[in-house]
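Working notes, structure below.
Computed from a predicted model, the values in this text were never measured in an experiment.
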Amino acid sequence: GLGPTGMIFFLAPTGQFLLGVFYYGEYLDINKLISFVPPGISDFFDQDFPKPYYVILVDDFFMLYPISDKEFVEKISEIFFGKGMADDMRSLNASIWFDKRFWREDIEGSKAWARGLSGLGFLSEDELDQICSGLDLVAGEIESGSFVFSEELEDIHMNVEARLSELIGKTGAKLHTGRSRNDQVATDFRLYVKRAAEEAADAIGTLMKAVVGSAEACQDVVIPAYTHLQRAQPVLFSHHLLAYVEMLERDRRRFLWAAEQADSCPLGSGACVGNQFGIDREKLQEDLGFSTLTSNSLDGVSDRDFACD
């Protein structure tokens, strides 16, 4: 990888093929972009190209073609292996059928990221409004059940971003500026676990109150207590019920502890070594309701211990 975020080169072992993928050419400095390109290829650049491109070098001849995100992997496979991705591999590679449950968190994180980009001047106020309004439309489609999830787009992040671009045009492509799916999924996962654990703890608390209510209603009921599978001593049924309250309280605290373990914001960690755009991570943390920031970008994008908790 060379140059600004989104520009990637692949060189075949034979040296015959050079593949470059260029994102966000519309608002990257085209001169800086071209400075990383071999001599001669710059003649093929149009200074207003919102779509990614792939570039093939054969001897001294360059070819430049626009290519959509969902075609990217298949195009690489076609170039180097002679055919597109097999259906079984496409299904294996896709995570959308289980990470689509992160859609709320993905949209929440995307809005926070857009606000962060706007604060740095990468998005105008109008573009920020377009993106946030578009994300609301995507959320509405998912809630209503009309959203069509695509296995070809692999995961919830690309599904949301692709639909956003369909709804608002090329402005939608700017949302991914400076962000990686690595810190994106780490953020979504933490938000999801935090929310789910807190909801579980609240539900257990509600159950505990109901059990206490039942105990209060039957304080005169006497039942036999058991030990070693045998009747032992008489005990109030209310006392028996309150034993479950103690058990449930331990479970509630475990969920709260799990939520606490997830309560650190990794957004802004990039693919693995941080963010080059100067994004305000503390603002992202505050915006998303995290208590702390992750301290190390490598650990921030790879840690899943909180999910095990």
Side-chain angles (χ1 to χ4, degrees), residues 1-9 20-37 45-54 66-70 72 105-136 138 153-188 265-288 293 297 300-301:
L2 301 172
T5 299
M7 188 168 84
I8 309 170
F9 286 97
V21 183
F22 303 92
Y23 289 84
Y24 324 122
E26 182 195 13
Y27 56 94
L28 281 177
D29 184 337
I30 196 70
N31 294 317
K32 291 182 180 178
L33 192 65
I34 292 175
S35 68
F36 291 99
V37 179
F45 275 100
D46 175 358
Q47 293 196 22
D48 183 18
F49 55 98
K51 293 183 178 180
Y53 282 70
Y54 72 86
I67 182 172
S68 66
D69 284 345
K70 68 180 181 180
F72 172 56
E105 290 73 25
D106 197 73
I107 288 174
E108 181 183 358
S110 291
K111 286 183 177 180
W113 187 257
R115 288 189 285 267
L117 291 177
S118 178
L120 292 172
F122 286 102
L123 295 176
S124 67
E125 285 296 321
D126 180 61
E127 288 173 328
L128 175 61
D129 290 342
Q130 287 183 54
I131 287 174
C132 290
S133 297
L135 288 169
D136 286 337
V138 174
L153 293 174
E154 296 184 9
D155 53 38
I156 186 61
H157 324 300
M158 292 182 68
N159 270 264
V160 168
E161 288 183 23
R163 181 58 179 150
L164 175 67
S165 294
E166 289 176 357
L167 291 170
I168 69 172
K170 62 184 181 180
T171 300
K174 293 188 176 184
L175 175 60
H176 203 62
T177 302
R179 182 171 64 167
S180 166
R181 283 189 288 172
N182 289 2
D183 62 350
Q184 194 174 354
V185 69
T187 303
D188 289 0
C265 180
L267 194 57
S269 296
C272 58
V273 295
N275 178 273
Q276 297 79 35
F277 286 76
I279 200 78
D280 187 344
R281 294 192 65 217
E282 291 183 351
K283 182 65 173 66
L284 293 173
Q285 170 200 331
E286 179 184 352
D287 207 357
L288 291 171
L293 286 169
S297 61
V301 299

Please find the pair of heavy atoms, one from Asp155 and one from Arg181, that lie closest to each other, and give the distance.
OD2-NH1, 2.6 Å
Could you work out, with side-chain hydrogen bond (donor to acceptor under 3.5 Å, both in side chains) as the rule, every residue matching Ser110, not counting sequence neighbours?
Arg179
Rounded at 0.5 Å granularity, tell me how far CG in Leu164 sits from CG in Leu135.
5.0 Å
Return the set of residues passing side-chain hydrogen bond (donor to acceptor under 3.5 Å, both in side chains) with Asn182 (not counting sequence neighbours), or none when no residue passes.
none
In this structure, CG of Leu123 is separated from OG1 of Thr171 (nearest 0.5 Å) by 8.5 Å
Checking the side chain of Asp183 only, and the main-chain atoms of Gly268 only, is there a donor and an acceptor separated by less than 3.5 Å?
yes
Name all residues meeting the salt bridge (Lys or Arg N to Asp or Glu O under 4.0 Å) criterion together with Asp188; count only those two or more places apart in sequence or in a different chain, and write none if there are none.
none
Going by heavy atoms in the side chains, are His176 and His157 under 4.5 Å from each other?
no
Contacts of Glu166 that satisfy side-chain hydrogen bond (donor to acceptor under 3.5 Å, both in side chains) - sequence neighbours left out:
Arg163
Backbone of Gly274 reached by a side-chain donor or acceptor of Ser269 within 3.5 Å
no
Can you tell me how far NZ of Lys283 sits from CG of Leu288, rounded to the nearest 0.5 angstrom?
9.0 Å
With side-chain contact (heavy atoms from CB on, under 4.5 Å) as the test, would you mind laying out the steps for Gln184 and Asp106 before giving the verdict?
CA-CA 8 Å; Gln184 194 174 354; Asp106 197 73; 3.0 Å; yes
Which pairs with one or both residues in residues 270-281 pass salt bridge (Lys or Arg N to Asp or Glu O under 4.0 Å), sequence neighbours excluded?
none
Considering all heavy atoms of both residues, which atom of Gly300 and which atom of Ala186 are nearest to each other, and what is their separation?
O-CB, 3.6 Å
Tell me the closest heavy-atom pair linking Gly270 and Ser180, and the distance in Å.
C-CB, 3.5 Å
Applying salt bridge (Lys or Arg N to Asp or Glu O under 4.0 Å) as the test, list every pair that has at least one member in residues 111-128; sequence neighbours left out.
Lys111-Asp136, Arg115-Asp287, Glu127-Lys174
One should read off an interatomic distance between Leu175 CG and Trp113 CH2, to the nearest 0.5 angstrom, of 9.5 Å
Which value, rounded to the nearest 0.5 Å, describes the distance between Ile131 atom CD1 and Ser165 atom OG?
8.5 Å
Once rounded to the nearest 0.5 Å, what's the spacing between atom CG of Leu120 and atom CD1 of Ile279?
4.5 Å
